[in-house]
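Taking it in order: structure first as structure tokens, then the write-up.
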Amino acid sequence: MASRMTVGCRLVGAVGTAWILMALQTAGAQNNTPNPYRAIEEVWAHLPDGRHWGATSAVYPDTDGVNLWVAERCGANSCVDQPQMPTVFLFSPEGTVLESFGAGVFAWPHGIHVDASGNVWVTDAVGFGGQPEGLGHVVYKFSPEGELLMTLGTKGVAGDTEDTFRQPSDVLVAPNGDIFVADGHGAGGNNRIVKFSADGTFIKAWGQT
């Protein structure tokens with residue numbers, strides 16, 4: 001019996017080793033696939049007036065698939081003390097600014113989405129510097145020209161009700177217009193998904209830490 005167990009263990013060990021080798025070989029083959037992209041060492045997109053890039057967590061292509069929307073944290077990792085700085089930019093493939101807006105609106109822009117109509121949705125969390133008065137915990141909908149069309153949540157108020165968020169991380173608009181918000185940032189947040197109709201009416205929420 002002991003010899004059979006030994007043989008069985010060796011067989012299992014051999015099979016496991018074979019699977020690991022196959023996985024490594026597969027991974028190696030995948031890593032050897034030619035890379036169609038190239039690294040650009042210099043800064044691709046330049047902000048106006050010599051402004052420096054800050055923390056950037058939100059990037060999304062425009063509806064044309066050519067230009068690129070970016071939300072940037074005011075040359076640092078927060079916009080709380082920079083009310084004069086726009087935070088949302090549209091760049092051409094050459095890195096030229098085509099549009100900019102959002103000055104004085106954000107504390108800590110986090111997620112971005114562009115819907116089928118070209119409207120730009122950006123979530124505003126709070127960051128790590130505490131709760132700024134009247135900022136954060138909301139989701140904004142802008143026209144492509146920067147006109148504020150809708151605000152979901154209550155500015156500066158953290159909560160888990162139908163009209164409050166706690167550091168929303170991202171947003172997505174479905175083809176039928178329904179709005180989905182990933183509400184929460186970190187283990188202490190709400191960590192739920194909140195669904196709204198196209199006009200911003202609360203439908204339901206689900207999920208938890």
Side-chain angles (χ1 to χ4, degrees), residues 47 51-60 69-90 100-115 117 119-174 176-209:
L47 296 172
R51 174 174 155 183
H52 297 290
W53 283 92
T56 305
S57 68
V59 179
Y60 208 92
W69 285 101
V70 178
E72 187 270 347
R73 295 176 185 158
C74 301
N77 195 25
S78 174
C79 290
V80 173
D81 298 323
Q82 303 290 345
Q84 78 283 4
M85 286 190 175
T87 57
V88 183
F89 296 88
L90 178 64
S100 64
F101 53 82
V105 175
F106 292 95
W108 206 58
H110 197 285
I112 193 170
H113 174 72
V114 179
D115 65 26
S117 299
N119 299 307
V120 183
W121 300 71
V122 186
T123 66
D124 189 21
V126 173
F128 305 100
Q131 173 59 61
E133 184 177 356
L135 294 174
H137 305 302
V138 290
V139 178
Y140 293 114
K141 174 186 179 182
F142 298 96
S143 73
E145 296 74 35
E147 178 186 359
L148 182 59
L149 303 176
M150 181 186 297
T151 301
L152 298 175
T154 305
K155 293 175 65 172
V157 178
D160 57 5
T161 64
E162 296 182 4
D163 56 1
T164 57
F165 301 115
R166 182 174 280 107
Q167 299 194 58
S169 291
D170 214 345
V171 58
L172 181 141
V173 179
N176 69 345
D178 287 347
I179 306 159
F180 295 85
V181 177
D183 180 26
H185 188 280
N190 291 338
N191 295 319
R192 60 177 183 165
I193 301 297
V194 190
K195 181 180 180 181
F196 300 88
S197 64
D199 65 358
T201 301
F202 174 86
I203 297 177
K204 63 180 178 179
W206 66 92
Q208 60 186 6
T209 304

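Not measured: the values here are computed from a predicted model.
The line from CD1 of I193 to CG of L172 is 10.0 Å long, rounded to the nearest 0.5 Å. Here R73 contributes atom CZ and T56 contributes atom OG1; the two are 8.0 Å apart, rounded to the nearest 0.5 Å. Distance check, rounded to the nearest 0.5 Å: OH of Y140 to CG of L148 gives 7.0 Å. We find the OG1-CZ distance between T161 and R166 to be 9.5 Å, quoted to the nearest 0.5 Å.
Of the charged side-chain nitrogens involved, none lies within less than 4.0 Å of a carboxylate oxygen, so that R192 and D160 do not count as a salt-bridged pair. Classification of E72 and R51 as a salt-bridged pair holds, one side-chain N sitting under 4.0 Å from a carboxylate O.
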### Message
Let's go through F202 and D163 carefully: what are the C-alpha distance in whole Å and the side-chain angles of both, what is the deciding distance for side-chain contact (heavy atoms from CB on, under 4.5 Å) to 0.1 Å, and is it a yes or a no?
### Response
CA-CA 8 Å; F202 174 86; D163 56 1; over 6 Å; no
### Message
If you apply the rule side-chain contact (heavy atoms from CB on, under 4.5 Å), what do you find for T87 with V105, and how did you get there?
### Response
CA-CA 9 Å; T87 57; V105 175; 6.0 Å; no
### CA sep, side-chain torsions, deciding dist, call: K195, D178, salt bridge (charged side-chain N to carboxylate O under 4.0 Å, His left out)
CA-CA 7 Å; K195 181 180 180 181; D178 287 347; 3.7 Å; yes
### Message
With side-chain contact (heavy atoms from CB on, under 4.5 Å) as the criterion, how do F196 and T201 come out once you've worked through the C-alpha distance, each side chain's angles and the decisive distance to 0.1 Å?
### Response
CA-CA 5 Å; F196 300 88; T201 301; over 6 Å; no
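Of the possible polar contacts, one joining the S57 side chain to the H110 backbone as a donor-acceptor pair under 3.5 Å is found. Put simply, the side chain of N191 gets close to the backbone of G186: a donor and an acceptor are under 3.5 Å apart. Not a single donor-acceptor pair under 3.5 Å links the side chain of S117 to the backbone N or O of N119. Although no hydrogens or angles enter the test, the distance criterion places a donor-acceptor pair under 3.5 Å between the side chain of T123 and the main chain of G111.
Between G153 and V138 the shortest heavy-atom distance is C-CG1, 3.8 Å. N77 and A55 get closest at one heavy-atom pair: OD1-CB, 3.1 Å. The minimum heavy-atom distance linking N190 with G159 is given by the pair ND2-O, 2.8 Å. Taking every heavy atom of both residues into account, D124 and F106 meet most closely at OD2-CA, 3.5 Å. Shown here for A71 and P109, the closest heavy-atom pair between the two residues is CB-CB, 4.1 Å. Taking every heavy atom of both residues into account, G104 and L135 meet most closely at O-CD2, 4.1 Å.
In this structure, the side chains of F180 and V194 stay at 4.5 Å or more apart for every pair of heavy atoms. Side-chain contact between E147 and F142 is absent, with no heavy-atom pair separated by less than 4.5 Å. Under the 4.5 Å side-chain criterion, counting only non-hydrogen atoms from C-beta, H185 is in contact with S169.
Note: W108 and H137 fail the aromatic proximity criterion, with ring centroids not under 6.0 Å apart. For F101 and F89, the gap between ring centers reaches or exceeds 6.0 Å.
Dense packing is recorded around CG of D199, with more than 12 heavy atoms of other residues, nucleotides or ligands lying under 6.0 Å away. Open room surrounds CD on E133; 12 or fewer heavy atoms of other groups in view lie less than 6.0 Å from it.
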